[in-house]
Amino acid sequence: MSEIITPYQDQQVAKKAQVADMFNNISKTYDFLNHFLSLGIDIIWRKKAINELKKDNPQQILDVATGTGDFAFEALKILNPEKIVGVDISQGMLDIAQQKITKRGLGDKFEIKLGDSEKLPFEANEFDAVTVAYGVRNFENLEVGLADIHRVLKSGGKAVILEFSKPKAFPIKQLYNFYFSYVTPGIGKLFSKDARAYSYLPESVAAFPDGEKFVGLMQKAGFKNTKYRPLTFGICSIYTGVK
């Protein structure tokens with residue numbers, strides 16, 4: 001397994017507890033900084049990932065590491081399922097998501113729960129699809145998290161995972177590394193009360209086993225028909241697999 005990268009580098013506190021604290025700290029500025037730092041491209045990436053489920057027409061969807069709910073709201077628009085359940089370990093992020101749900105009158109279609117992504121509070125074979133956007137690299141144990149996603153999927157159900165990856169081609173690789181290592185933490189310090197969160201971002205992406213390595217972990221967890229598709233010069237990738 002790859003090195004475990006934690007937000008606050010405190011060896012006395014487990015990664016998932018540190019991740020929860022980090023997202024609680026940045027929840028109020030998270031949406032703004034997400035769109036600002038990605039120059040709005042994250043919205044296009046989300047739509048591409050959700051379109052991977054269009055032909056499957058899932059009615060019961062679980063959105064793991066749902067955060068403030070942006071991915072789930074987009075999925076509701078594009079896929080029109082009966083129900084989406086979002087789970088996250090950060091109450092601060094879920095509070096923002098709940099405000100959005102209430103404001104948009106979507107309480108009957110989108111439900112949120114506080115829960116551990118690696119020990120999902122659901123029965124086996126419960127969902128037609130599971131989505132994760134920018135969440136798997138925050139798992140403390142990737143293999144455990146993927147196995148639990150596999151467990152809650154119905155037979156034939158699909159997992160769609162959107163995550164940052166590492167560009168390999170010149171000069172995108174060099175520009176990306178500079179932006180992620182220097183620009184992102186700098187802007188994060190200006191707008192967020194938790195500067196460390198935006199230094200953790202490039203560190204966690206650098207340590208994440210992307211591409212074929214991640215596909216291999218999905219296969220090990222029991223997924224079939226696994227594939228990945230790099231987006232925008234490999235800055236981001238969509239991974240899919242079927243139970």
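N138 and Y200 share a side-chain donor-acceptor pair at under 3.5 Å. N24 and S90 are linked by a side-chain donor-acceptor pair at a separation below 3.5 angstrom, with hydrogens and angles left out of the test.
For the pair L106/L76, a side-chain contact is recorded, criterion being any heavy-atom separation below 4.5 Å from C-beta on.
The cationic group of R104 lies under 6.0 Å from the six-membered ring centre of F73 and within 45° of the ring axis, placing it in a cation-pi geometry.
A salt bridge links K16 with D116: the closest approach of a Lys/Arg side-chain nitrogen to an acidic carboxylate oxygen falls below 4.0 angstrom. Using a 4.0 Å cut-off between a side-chain N of Lys or Arg and a carboxylate O of Asp or Glu, E111 and K83 qualify as a salt bridge. Residues R46 and E74 are not paired through a salt bridge, judged by the lack of any N-O separation under 4.0 Å between the basic side chain and the carboxylate.
Ring to ring, F208 and F214 are close: their centroids are under 6.0 angstrom apart. Residues Y134 and F71 keep their aromatic ring centres 6.0 Å or farther apart.
Between P121 and V87, the closest heavy-atom pair is CD-CG2, 4.2 Å. The minimum heavy-atom distance between K113 and L94, with the atom names listed, is O-CD1, 3.5 Å.
Ring geometry, Y228 versus Y239: the interplanar angle falls under 30°, so the pair is classed parallel (tilted spans 30 to 60°).
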Intermediate values then yes/no, side chain to side chain contact (heavy atoms under 4.5 Å, CB included), I101 and I112: CA-CA 9 Å; I101 291 167; I112 54 172; 3.9 Å; yes

